[in-house]
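If you read the sequence from its start, that first residue is 1, and numbering goes on from there.
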Amino acid sequence: MVDNQIDLRWWLLSNLASIPSLSIIYRISVIFTFIILIFLAFSPLIFPRTPTSKLQKFLSSNLIFIISLVTFILAARWPGFLSPMLDPDEGQFIAGAIKLLKDPVFWRAVDAGSSGPLNVYPLTLPAFFGFRIEYASSRVIGLIMIIAAIVCLYYALSTLYDKSLSRLAIVPVFTTVALMKESGYVHYTSEHFSIAILSVALLIVCKYYTGNSSNPNHLIFALGFILGLTPFAKMQSVPIAFSIACIFLHILWLKSRGRGQFIRSLAAFFLGGMLFSAMVVLYLTIFSIYDAFWKSYIQQNLLIYATHGLGGNLTQVSFLAKINIFINMLINVKDTQILFLLTAIALIVGIPFLIIKRFSLSPHQDNSNTFCFVYYSLFILAASSYSIIKPGNGFPHYLLFLIIPSGFLIGVFIGELAQVLQVSKLTRSNLNFSLLTGVIFITVASSFLQFATTITSDNVYLNNRRRFARNYLSPIAKTILKYASPGESMAVWGWASELYVDTGLVPAIRDSVSLWQIKPGSLQEYFLQRYAEDFINSNAKLFVDAVAPRMFFFTDRETQGHEVFPEIAKVINENYRLVDEVQGVRIYIKK
């Protein structure tokens, strides 16, 4: 505990590390919750729909289904809370959240590089409920966001199609999310917030399409506002938001009753979309941080997406090579293989079949008013794929952007297949039903296969819980805490944000990683000067040079250590003295 706050990760480790049969208990709980959830998914098809049946009402209740879904995902995913830092980005975001509690002005107190403020602010929420900001509490926030996205996906599909089909269609999605063990999927990533708000936007689009409200401008305004948030969470999500906006504008054009209504609705949408940007402009003006916003967020994002590699390597890579990286990720990342395989089957075989079958129907048979969502789902999937491909990096967590679009395409395919087969005339009367049953069987059976494969294998986080407990603090963190107490300030040189998280010390500078200060680039001098100014103004107690052989990314003291850069070396030489060195990491204390 730090400052009377509960350390969730340490609490879990200290209470669970010594339980010998925990792996068996974990497997039983996951199997039990999975069986209940699958039963509820099938219950609308199994039990007769009679208005007086209390059992049917209970089993078909959306609330009961959602509670079961959340319980299963939590039962399967909680071992991921036990692990220390799984990705350097995770440490960077958590360090930023720790700083925001002291100074809540983003870009003045915190800079998360290519990630916007909306990815970092949510991580401060556990502190308001008495929890320390650390890995477990942050992963809880990320898991809540992706669960919210799945719930929105379910309601979006239920708005368009039969509830029973919608439940079965999302089985591959919630199974995939619950059984994720890949570190890139488990840690809190910059995709989580974007996934959540884009799923809410998708739900609003579906609600608007099927709604009968004569004045839905409040819903339209909300949709515009939500889509307007995406540039300030992760620029990479903007193409997906753009695809949803284009879909909505097409629907708006189709559904508007006259030119006047269309213009009013269009105005409400664009006003909503511009509202948050206007608020950001006002925010930048009040705190005089235009320069930091433009150079460290806009320009650096443009550099990253115009080039290739970690930190925006200046090496240009062809778009074809980036597609190859994307395909390799789809094939090699095991946790999502089955979901993306089902998506590929629906994309290559199912959707063409649907389109051909629909156009073969006579006009009086074609009573589907939702078939346009086949094309909409393809558009969203294409935009999501482009968002992943464009940076040219092989980071598995990018694939999180495909989870909801894949589930949406599968759900639309199943829903439209049911409608097309309902009206088509085939030689055998039961052939339509058999085809739909076969598609549902393949969808659910593949999820059972993934479940069986995962549940019979060891959970790496659960199996290493004793080691996590023994090594809760690294030797470097223990040494740092000899010279400072949690809540005091520290500046780290290099890429070691985990030192802030492990020690509870507050970042003295806005850049918790020194990427742009050390890597040569057009703005290197700007970032070095800013680092030095932040450091001097902070009056930090400690300075830690984490450029060392065993550290991440920056390992060569001769070319990357702080003494190589005169702006930083001058500040350290005048104000700090070396007091310790652990595993090559040097610790300085203020004179």
Side-chain angles (χ1 to χ4, degrees), residues 89 92-125 190-194 196-198 201 221-242 245 269-306 311-312 489 491 497 506-517 521-538:
D89 286 350
Q92 183 181 3
F93 298 146
I94 298 172
I98 293 171
K99 180 69 176 293
L100 287 174
L101 289 177
K102 300 292 183 181
D103 183 353
V105 181
F106 203 88
W107 289 308
R108 183 184 73 184
V110 174
D111 191 324
S114 63
S115 194
L118 296 180
N119 283 335
V120 182
Y121 278 114
L123 298 185
T124 64
L125 291 176
S190 54
E191 288 79 23
H192 278 116
F193 185 85
S194 297
I197 60 174
L198 289 170
F221 182 86
L223 175 63
F225 181 78
I226 290 170
L227 293 177
L229 298 175
T230 52
F232 304 101
K234 190 175 179 69
M235 286 286 191
Q236 198 175 348
S237 66
V238 170
I240 310 172
F242 177 76
F269 178 70
F270 279 105
L271 284 173
M274 296 303 296
L275 177 60
F276 194 77
S277 295
M279 293 167 62
V280 170
V281 170
L282 180 63
Y283 166 84
L284 297 174
T285 304
I286 292 172
F287 295 106
S288 301
I289 49 177
Y290 272 114
D291 194 47
F293 165 75
W294 180 257
K295 289 182 178 177
S296 64
Y297 191 58
I298 303 299
Q299 284 188 282
Q300 293 302 333
N301 264 299
L302 292 174
L303 174 64
I304 289 171
Y305 297 127
S489 62
S497 303
V506 180
I509 32 81
R510 73 189 84 184
D511 301 291
S512 61
V513 299
S514 311
L515 174 63
W516 300 111
Q517 288 80 4
S522 59
L523 292 174
Q524 186 181 24
E525 287 302 318
Y526 165 77
F527 284 105
L528 282 168
Q529 185 64 32
R530 191 175 78 173
Y531 187 102
E533 291 175 357
D534 285 355
F535 191 29
I536 293 169
N537 294 333
S538 71

task: Begin with the C-alpha distance, continue with both residues' side-chain angles, and end with the deciding distance and a verdict on side chain to side chain contact (heavy atoms under 4.5 Å, CB included) for Trp516 and Leu523.
output: CA-CA 8 Å; Trp516 300 111; Leu523 292 174; over 6 Å; no

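- Annotation for Ala201 and Leu223: closest pair O-CD1, 3.5 Å, computed over non-hydrogen atoms.
- The shortest distance between side-chain heavy atoms of Leu275 and Phe221 falls below 4.5 Å.
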- prompt: Given Gln300 and Phe527, is the side chain to side chain contact (heavy atoms under 4.5 Å, CB included) satisfied, shown in steps?
  reply: CA-CA 11 Å; Gln300 293 302 333; Phe527 284 105; 3.2 Å; yes

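- There is a side-chain donor-acceptor pair under 3.5 Å between Ser190 and Lys234.
- Between Leu100 and the choices Thr124, Val105, Val506, the side chain to side chain contact (heavy atoms under 4.5 Å, CB included) rule is met once, by Thr124.
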message: Does Ser114 form a side chain to side chain donor-acceptor pair (under 3.5 Å) with Tyr297? I'd like the steps, not just the answer.
response: CA-CA 6 Å; Ser114 63; Tyr297 191 58; over 6 Å; no

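- Atom OG of Ser514 sits about 9.0 Å away from atom CG of Leu528, to the nearest 0.5 Å.
- Between Tyr283 and Phe287, the ring centre distance stays below 6.0 Å.
- Here Met235 contributes atom CE and Ile298 contributes atom CD1; the two are 3.5 Å apart, rounded to the nearest 0.5 Å.
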task: Might you work through the side chain to side chain contact (heavy atoms under 4.5 Å, CB included) test for Phe106 and Arg510, ending with a clear yes or no?
output: CA-CA 9 Å; Phe106 203 88; Arg510 73 189 84 184; over 6 Å; no

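- Taking the ring centroids of Phe232 and Phe276, they lie under the 6.0 Å cut-off.
- Salt bridge annotation for Asp103-Lys99: absent, with no cationic side-chain nitrogen under 4.0 angstrom from a carboxylate oxygen.
- Rounded to the nearest 0.5 Å, atoms CG (Leu227) and OG1 (Thr230) are 6.5 Å apart.
- The two residues Gln92 and Val513 make their nearest non-hydrogen contact at NE2-CG2, 3.8 Å.
- With rounding to the nearest 0.5 angstrom, the NZ atom of Lys295 is 13.0 Å from the CG atom of Asp111.
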query: Are Leu198 and Ser237 close enough, and set up right, to give a side chain to side chain contact (heavy atoms under 4.5 Å, CB included), and what steps lead you there?
result: CA-CA 9 Å; Leu198 289 170; Ser237 66; 4.1 Å; yes

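- Counting heavy-atom neighbours within 6.0 Å of Tyr526 OH, excluding the residue itself, gives a total above 12.
- Rounding to the nearest 0.5 angstrom, the gap separating the NE2 atom in His192 from the CD1 atom in Ile197 is 13.5 Å.
- With rounding to the nearest 0.5 Å, the separation of CG in Leu229 from OG in Ser194 is 9.5 Å.
- When all heavy atoms are compared, the tightest approach of Phe93 to Val120 is O-CG1, 3.6 Å.
- The backbone N or O of Ser115 sits nowhere less than 3.5 Å from a side-chain atom of Asn119 that would complete a donor-acceptor pair.
- Across all non-hydrogen atoms, the minimal contact from Val110 to Gly96 is CG2-O, 3.3 Å.
- Taking both residues in full, the closest heavy atoms of Ala508 and Ser489 are given as CB-CB, 4.2 Å, listed atom of the first, atom of the second, then distance.
- Looking only at atom types and distance, the side chain of Glu525 has no donor-acceptor partner in the side chain of Gln529 under 3.5 Å away.
- Contact annotation: the side chain of Ile509 never approaches that of Arg530 to less than 4.5 Å [non-hydrogen atoms, C-beta and beyond].
- Between Phe225 and Leu271, the closest side-chain pair of non-hydrogen atoms is not below 4.5 Å.
- Residues Leu123 and Ala97 come closest through the heavy atom pair CB-CB, 3.6 Å.
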